[in-house]
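This structure is a prediction, so every number in the text was calculated from the model and none was measured.
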Amino acid sequence: MDKKRSKPSGAHFRKKRKEEEEKRAKDTGALLKYFGAPSATATAQDEQPSTSSSTYVDPEDEDPFASTSEMPGAKPPEEEPLPTDPGNWPSAITDSIRIQLVSKGPRKVAPDFVFPRNEGDGRSCHHQYFKKTLVSGEKMPRSWLVYSEKNNSLFCFCCKLFSRRNMKLTSSGLTDWKHASSYLTSHDNNPEHHNSMKAWKELVVRIKKGETIDKRDAVLARLIAIIQSLAIRNLALRGHTETLFSPSNGNFLKEVELMARFDPIMQEHINRVQKGTYSHTSYLGHHVQNELINLLSSKITSTIVDDIKLAKFFSIILDCTPDISHTEQLSVVIRIVSLQEKPHVEEYFMGFLEADESTGKHLTSMILNRLEELKIPLEDCRGQSYDNGANMRGKNKGIQARLLELNPRALFVPCGAHTLNLVVADAAKGSIHATSYFGILQKLYNLFSASSQRWVILKKHANITLKMWSETRWESKINSVEPLRYQASAVREALIEVRDHTKDSVIKIEAQSLSEEVGSYRFSICTVVWYDILNQIHHVSKLMQSPNMHVDVAVNLLKNTERVLHNYRATGFSAAQMSAKDMCEDMNIEAVLQQKRLRSTKRLFSYESFDEPLSDALKKLEVTFFNVVVDAAVSSIQERFTTLENVGEKFGVLTHFPNLSNDELTEQCKALSATLLFQDQADVNARELAQEIKNLPDLPSKSMTSFELLNFVHGNDLSEIYPNLWTALRIARSFSKLKLIKTYLRSTMAQERLTGLAIISINHAIADQISYDDIIEDFASRKARKIQI
């Protein structure tokens, strides 16, 4: 009995190779036939022996499990069909291209297809890659895997169409055949791949049902635009009802109704909503509003976080304020030196945090959790700025102390605007004439504002109306003082007219009393003094609130303010008397300060004698009012801005270096480096920084600010030559004097919705750059809506 061959004979191999060549020649041009009638070039190629080592089969000839023939509900494309080889797909995948490719489905490789081998290692793709082996031993086809004849590589059909991430299976294709099996297994378990698969299958279902996403996307884009417009203008969205064409359905639905009058897409949408042809949602309810607000604010926040990470160093600004519903809201702002285009300061609002407790410990944990959610490392924080509350700036248990324990490089700078406000408040507390003066201003405002007739009388006499002053913003009281400073005579005449025409005895007495007070020499002097002081403080406060303010300029402003107040202490009272006399002359009254009778009190025995009482009324007013107010303001500036001056001194080398000797320059660079050192990690090298400063080219000016120097280094592309100086300047610019952010007024609104609307409104410049297409895609992938539009 003959022994059976263990291997086929050579004749068998030759016969099999011949059959494969005949089969290859027969199927040449199948790719072109798939798109339509073959061209002359294709016909000529069919008549020649094939030189290709690959061929595709039509999807309809495939096994039903892997079949991806055209969907019955898909509209025939009017344009030239797209190539199904992923290597020939356009780089920008639009919605129309995506629909065409999904309608055709991924092309499959024929079972007898022979993959070409690499010239280097001789490896090639295998048919086994197109199936996944389960634990049970069953083989599951990978319908998403597509082979590119052009690139001799593998692509993921769904990820290339729906994913925005850059990976091998979406960019150049997988060609590492040695590790292909493990890479494909890893890709099977990738969450991004799962999301792309779901988006692919959802689109397949929609196409089969004859549904399109174009109108849905168009409607959503219009709704997002309406929400953004209302949020930027700080207008409420919802009303008492959510019924279309109802008088009290709110601004959102009213905007929808208005747009439907002129826009055919929105008009069709509204008509179908009213006819009840929708089986699920109409996208007009408050739940969808919340989803779109959340998606838009999330996109804005993501863009901001990318800019913060690019800038690396940042400062954090917090303020805690109760809203109208008596909920404590913690406002979070991050300040950076943005490196996009050219260096410039950006202050980003990162949202509200609902504070259950106002202790330093609880607020610190809240901000740390927020930074962790945003994936912003606290190690890169170089500054912190708050108001002067004990829970914020406390040296032992305040937020600034707790953050300094975690990161000593996060230098604390008090809010300049709030501190200036306290300077004026301190000045007003020391004198009874100062506090009573603002009480009179409030009485004047109350008298005229309580009656429309009295307000008309005031406007008839005065060009500037009276303003109500704020209890918290003392520097804004200049708006209340200004009408009395320049139109005291008109206000007094208005009071006299009110007295003469009113029939209410209480109002008559009140108007008479106020007219006598406004017409007094004492009141005129107080008006001039307060206006001079508040005008100086108000000007500095507005400059301090500018986002472009930086430490060195702030310190110079405060020193100049202190110097001006010192000079005003010497000559201000005399100048105030002259201005007050002019005011009295306009009112046709005598500029005489009435001396009040001194009370005689019984003296008990004492080793020290009492101060001799002042008999001169003018001198007494200077001592008890003018000197007290000015001295308190100067003393408060010196005390409250010590922290800011200390920070300014640490970074002073960056602006004062032209006037420093080599030894002084070296010492100050060492001090700055020590300030920015923590756990053996330094932001700058002291020796290299000193050397870089010495080697600086000729500067346009010897008195440049840190911001001007930063722009000079960037404008001349010198950051690579002076890296330590570049880093130090960016850190110095990150400190803030931002004005306090006041929370939105709201009575009933969810915290997430409140924060989302605030982010959209305050960061409206970034909101204008957000693509609606990205938001719509996120909305569709998150909710997986299948609505016929």
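Panel note: side chain Ser297, backbone Asn294; a donor-acceptor pair is recorded below 3.5 Å. Remark: the backbone N or O of Phe349 is paired with a side-chain donor or acceptor of Asn763 at under 3.5 angstrom. Listed for the Glu692 side chain is a donor-acceptor partner under 3.5 Å among the backbone atoms of Asn724. Side-chain atoms of Gln384 come within 3.5 Å of backbone N or O of Ala410 as a donor-acceptor pair. In terms of modelled atom types and a separation under 3.5 Å, the side chain of Asn535 and the main chain of Tyr531 share no donor-acceptor contact.
Looking only at side-chain heavy atoms (C-beta outward), Met350 and Val333 stay at 4.5 Å or farther from each other. Between Leu654 and Leu725 the shortest side-chain heavy-atom distance falls below 4.5 Å. Side-chain contact check for Trp530 versus Val629: some heavy-atom pair is nearer than 4.5 Å. Side-chain contact between Ser302 and Val305 is absent, with no heavy atoms from C-beta onward closer than 4.5 Å. Taking 4.5 Å as the limit, some side-chain heavy atom of Tyr437 sits within range of a side-chain heavy atom of Thr527. Between Asn251 and Leu237 the shortest side-chain heavy-atom distance does not fall below 4.5 Å. Side-chain contact between Ile304 and Ile300: present, with at least one pair of heavy atoms (C-beta onward) separated by less than 4.5 Å. At least one side-chain heavy atom of Ile308 sits less than 4.5 Å from a side-chain heavy atom of Ile334.
Counting heavy atoms of neighbouring residues, nucleotides and ligands inside a 6.0 Å radius, atom CG of Asn695 exceeds 12 of them. Within a 6.0 Å sphere centred on CD of Glu752, other residues, nucleotides and ligands contribute 12 heavy atoms or fewer. Heavy-atom contacts from other residues, nucleotides or ligands closer than 6.0 Å to NZ of Lys361 number 12 or fewer.
Of all heavy-atom pairs between Phe314 and Pro377, the closest is CE2-O, 3.4 Å. Shortest non-hydrogen contact noted between Glu379 and Asn407 is O-ND2, 3.7 Å. Of all heavy-atom pairs spanning Ser358 and Leu363, the tightest one is O-CD1, 3.8 Å. Contact between Ile336 and Phe313 at its shortest, heavy atoms only, is CG2-O, 3.8 Å. Smallest separation of non-hydrogen atoms from Ile760 and Ile293: CD1-O, 4.1 Å. Between Asn711 and Pro343, the shortest heavy-atom distance links the atoms OD1-O, 3.4 Å.
Electrostatic pairing of Arg370 and Glu373 counts as a salt bridge here, judged by a charged N lying under 4.0 Å from a carboxylate O. Salt-bridge annotation for Asp778 and Lys299: present, with a side-chain N of the basic residue lying under 4.0 Å from a carboxylate O of the acidic one.
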Quick one: side chains of residues 557-568, donor-acceptor pairs under 3.5 Å with protein atoms, not counting sequence neighbours, listed by atom name and distance.
{"unit_1": "Asn560", "atom_1": "OD1", "unit_2": "Arg563", "atom_2": "NH2", "d": "2.9"}
{"unit_1": "Thr561", "atom_1": "OG1", "unit_2": "Leu557", "atom_2": "O", "d": "2.8"}
{"unit_1": "Glu562", "atom_1": "OE2", "unit_2": "Gln638", "atom_2": "NE2", "d": "2.6"}
{"unit_1": "Asn567", "atom_1": "ND2", "unit_2": "Arg563", "atom_2": "O", "d": "3.3"}
{"unit_1": "Tyr568", "atom_1": "OH", "unit_2": "Asp532", "atom_2": "OD2", "d": "2.9"}

Under 3.5 Å, sequence neighbours excluded: what are the donor-acceptor pairs made by side chains of residues 666-679?
{"unit_1": "Thr666", "atom_1": "OG1", "unit_2": "Asn662", "atom_2": "O", "d": "2.9"}
{"unit_1": "Ser673", "atom_1": "OG", "unit_2": "Val684", "atom_2": "O", "d": "3.1"}
{"unit_1": "Thr675", "atom_1": "OG1", "unit_2": "Ala671", "atom_2": "O", "d": "2.9"}

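Applying the ring-ring contact (aromatic ring centres under 6.0 Å, His included) criterion to Phe657, with sequence neighbours excluded, gives no partner residue. Residues passing the side-chain contact (heavy atoms from CB on, under 4.5 Å) test with Asn369, sequence neighbours excluded: Glu372. Looking at residues two or more places apart in sequence or on another chain, you find no ring-ring contact (aromatic ring centres under 6.0 Å, His included) involving Tyr445. Annotation: ring-ring contact (aromatic ring centres under 6.0 Å, His included) contacts of Phe252 (sequence neighbours excluded): none.
A distance of 12.0 Å separates CD of Gln400 from CG of Leu318, quoted to the nearest 0.5 Å. In this structure, Arg409 CZ and Leu403 CG are separated by 14.0 Å, a value rounded to the nearest 0.5 Å. Taking SG of Cys381 as the reference point, atom CG of Leu371 lies at 7.5 Å (rounded to 0.5 Å). Rounding to the nearest 0.5 Å gives a distance of 13.5 Å between CG of Leu709 and NE2 of His714. Distance CZ/Phe625 to OG/Ser436: 8.5 Å, rounded to 0.5 Å. The CZ atom of Arg238 sits 14.0 Å away from the CG atom of Leu230 when rounded to the nearest 0.5 Å.
A donor and an acceptor atom, one from each side chain of Thr301 and Tyr348, are nowhere located under 3.5 Å apart. No hydrogens or angles considered: a donor-acceptor pair under 3.5 Å links the side chains of Gln228 and Tyr772. Counting only N and O atoms by type, the side chains of Asp683 and Thr727 include no donor and acceptor under 3.5 Å apart. Between the side chains of Glu664 and Asn659, not a single donor N or O lies within less than 3.5 Å of an accepting N or O. Between the side chains of Asn234 and Ser761, at least one donor N or O sits under 3.5 Å from an acceptor N or O.
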What's the verdict on side-chain contact (heavy atoms from CB on, under 4.5 Å) for Ser480 and Phe438, showing C-alpha distance, side-chain angles and the deciding distance? CA-CA 9 Å; Ser480 301; Phe438 289 103; 5.8 Å; no

Go through the steps for Arg335 and Glu346 under the test side-chain contact (heavy atoms from CB on, under 4.5 Å), then give the verdict. CA-CA 6 Å; Arg335 175 182 171 109; Glu346 288 284 1; over 6 Å; no

Chi angles and distances behind the side-chain contact (heavy atoms from CB on, under 4.5 Å) call for Leu411, Arg382: CA-CA 6 Å; Leu411 304 179; Arg382 294 297 177 269; over 6 Å; no

Evaluation steps, side chain to side chain donor-acceptor pair (under 3.5 Å), between Ser338 and Asp307: CA-CA 7 Å; Ser338 178; Asp307 197 14; 3.2 Å; yes

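The aromatic rings of Phe573 and Phe626 are tilted relative to each other, their planes meeting at an angle between 30° and 60°.
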